[in-house]
Structure formats: structure tokens, C-alpha cells
Amino acid sequence: MTKIIVLPHEDLCPEGAVIETDPGVSVCEAMLKNDIEIEHACELSCACTTCHIIVREGLDSMEESDELEDDMLDKAWGLEPESRLSCQAIVADEDLVVEIPKYTINMVSERH
């Protein structure tokens, strides 16, 4: 099992969290399965930027983003070199530390 340490986010995870998941699962799926309701307006299909995360530790253990993800990330609020779409960031065997940005450009929410 791989640990994902989610840094505190005032709305989605105020205390932060440590979750465990099997390698091969997306970070988004792992967070949703553990009741961290990250936005995901395109049903995890890499068609929006609402599940944008910043991988503070462990980024090198993941496969690199592809051209489609990079194109979508260009539209994300608060883009950083360590940014990924959590629906495309597949957990490997190294623990991760992730931050969910404070803002998203989401116009709709799947939580409503």
C-alpha cells in the first residue's frame, strides 16, 4: 500500500489526511474513496482542471504527464511545476504528499 498525505485544505480536508491505496489507482480516485471530495467535473476523463493538485513529494515516482494533461494544466489556477491532474496522476509505490489548491476554475460541481 502507498500512503498519500493530503495537506490541509480549509474546505475539503481541514485537518489534512493520510490515506492508503494500492499502486495503479489515480490520486483522485483514492481521495474520493476516502471521503475527500475533490472537484472532478469531467468524470475523471482529463477534460477539465477541477481536480488539479500539486505533488509536493513523490512526483518522480509517477509516470510523466502526457500532452493532453499538460494542455489541460495550462488552464489551471495556480499552476506550479509540480502540478498534476489528480485523475491522471497514477499512484506508484512511493508515498506522496499532495496539496489541493485553494481555488478551481470549476463552473459546475458534481457534488450538487
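For the pair Ala47 and Cys42, the tightest heavy-atom approach, listed with the atom from each and the gap, is N-SG, 3.3 Å. Residues Pro14 and Pro8 come closest through the heavy atom pair O-CB, 3.5 Å. Summarising the geometry of Gly58 relative to Ser61, their closest heavy-atom pair is O-OG, 2.7 Å, with the distance given to 0.1 Å. Across Cys87 and Cys46, no two heavy atoms sit closer than the pair SG-N, 3.8 Å.
At least one donor-acceptor pair closer than 3.5 Å links the side chain of His40 to the backbone N or O of Ile38. At distances below 3.5 Å, not a single donor-acceptor pair connects side-chain atoms of Asn34 with backbone N or O atoms of Ile36. In this structure, the side chain of Glu69 engages the main chain of Leu85 through a donor-acceptor pair within 3.5 Å. Between the side chain of His52 and the backbone N or O of Leu79, no donor-acceptor pair lies under 3.5 Å. Judged purely by atom type and a 3.5 angstrom limit, Glu29 uses its side chain to pair as donor or acceptor with the backbone of Ser26. Looking only at distances, a side-chain donor or acceptor of Thr2 sits under 3.5 Å from a matching main-chain atom of Ala92.
Salt bridge absent: Glu64 and Arg84 never bring a charged side-chain N and a carboxylate O closer than 4.0 Å.
Separation of atoms CD (Gln88) and OG (Ser45) is listed at 8.0 Å; rounding is to 0.5 Å. Atom-to-atom distance recorded for Glu99:CD and Cys13:SG is 12.0 Å, nearest 0.5 angstrom.
Proximity of Leu96 to Glu57: side-chain heavy atoms (C-beta onward) are nowhere separated by under 4.5 Å. Between Leu32 and Glu37, some side-chain heavy-atom pair lies under the 4.5 Å cut-off. Within the 4.5 Å cutoff, side-chain heavy atoms of Met1 are placed close to those of Asp22. The shortest distance between side-chain heavy atoms of Leu7 and Val97 falls below 4.5 Å.
Exactly one of Thr21, Leu12, Ile53 qualifies for a side chain to side chain contact (heavy atoms under 4.5 Å, CB included) with Met31. That residue is Ile53. Between Ser86 and the choices Leu44, Thr50, Val27, the side chain to side chain contact (heavy atoms under 4.5 Å, CB included) rule is met once, by Val27.
By the neighbour-count criterion of 12 heavy atoms within 6.0 Å, atom CG of Asp93 is sparsely surrounded, having that number or fewer from other residues, nucleotides or ligands.
A donor-acceptor contact closer than 3.5 angstrom links the side chains of Asp70 and Ser65.
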Apply the test side chain to side chain contact (heavy atoms under 4.5 Å, CB included) to residues Val91 and Ile4: give CA-CA distance (whole Å), side-chain angles for both, the deciding distance (0.1 Å), then the verdict.
CA-CA 9 Å; Val91 175; Ile4 302 174; 3.8 Å; yes
Side chain to side chain contact (heavy atoms under 4.5 Å, CB included) between Ile100 and Val6, worked out
CA-CA 8 Å; Ile100 304 169; Val6 182; 4.0 Å; yes
Set out, in order, the CA-CA distance, both residues' side-chain angles and the distance that settles side chain to side chain contact (heavy atoms under 4.5 Å, CB included) for Arg56 and Glu80, then state yes or no.
CA-CA 10 Å; Arg56 297 292 181 199; Glu80 295 192 16; 2.8 Å; yes
